[in-house]
Amino acid sequence: MKSQQLFLGYYKELSELKSTISHNARELIAAQKEELLLQKQHILQSSRSMLAKEKQNLLLSAQKTLQRPQSIIQQKKSDLEYLKGNLKIFTGQYLRSRRLQLEEPPENHKTAVPAECA
């Protein structure tokens with residue numbers, strides 16, 4: 001009888017220890033799960049912010065890369081328009097002066113007289 005009581009006491013104590021171990025294990029697993037979840041959220045937020053920052057940097061780089069050729073092209077176009085305007089003005093003046101020179105009577109033309117003939 002004493003051995004049965006001793007056995008029941010040990011059995012009860014083992015059951016309590018099993019219950020305590022099981023409870024502590026569940027709490028530890030839940031705490032670790034919560035910590036992993038927080039770490040996962042932190043990693044996701046950090047990754048998203050880094051990706052957004054790098055995306056913004058790439059967009060700015062692309063914009064600068066595209067604007068540089070456009071500004072060069074715009075400058076060259078402006079230079080060509082300026083030259084075109086000057087050519088239009090000065091070509092007209094040059095052609096008028098040549099036409100006037102050709103329409104002048106021959107006596108008004110200055111002819112080079114060689115020094116030997118004079």
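Hydrogens, waters and symmetry mates play no part in the numbers below; they use all other heavy atoms, side chains included. As the structure is a computational prediction, the values presented were derived from the model and not from experiment.
A search for side chain to side chain donor-acceptor pair (under 3.5 Å) contacts involving Glu27 returns His23, not counting sequence neighbours. For Glu35, the side-chain contact (heavy atoms from CB on, under 4.5 Å) partners at least two apart in sequence or on another chain are Gln39. The side chain to side chain donor-acceptor pair (under 3.5 Å) check on Arg48 picks up nothing, with sequence neighbours excluded. For Ile89, the side-chain contact (heavy atoms from CB on, under 4.5 Å) partners two or more places apart in sequence, or in a different chain, are Gln93.
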Donor-acceptor list for residues 2-22 side chains, cut-off 3.5 Å, not counting sequence neighbours:
{"from": "Ser15", "atom 1": "OG", "to": "Tyr11", "atom 2": "O", "distance (Å)": "3.0"}
{"from": "Thr20", "atom 1": "OG1", "to": "Glu16", "atom 2": "O", "distance (Å)": "2.8"}
{"from": "Ser22", "atom 1": "OG", "to": "Arg26", "atom 2": "NH2", "distance (Å)": "2.6"}

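Sequence neighbours left out, the pairs with a member in residues 59-83 that pass side chain to side chain donor-acceptor pair (under 3.5 Å) are Gln75-Asp79. Listed by first and then second residue, the salt bridge (charged side-chain N to carboxylate O under 4.0 Å, His left out) pairs that reach into residues 91-102 are Arg99-Glu103, sequence neighbours excluded.
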Lys55 vs Leu59, test: side chain to side chain contact (heavy atoms under 4.5 Å, CB included). Steps then yes/no.
CA-CA 6 Å; Lys55 180 182 177 182; Leu59 289 173; 4.3 Å; yes
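Looking at Ser46, its side chain never comes within 3.5 Å of a backbone N or O of Ile43 through a donor-acceptor pair.
The CG atom of Leu58 sits 10.5 Å away from atom CG of Leu51, with the distance rounded to the nearest 0.5 Å.
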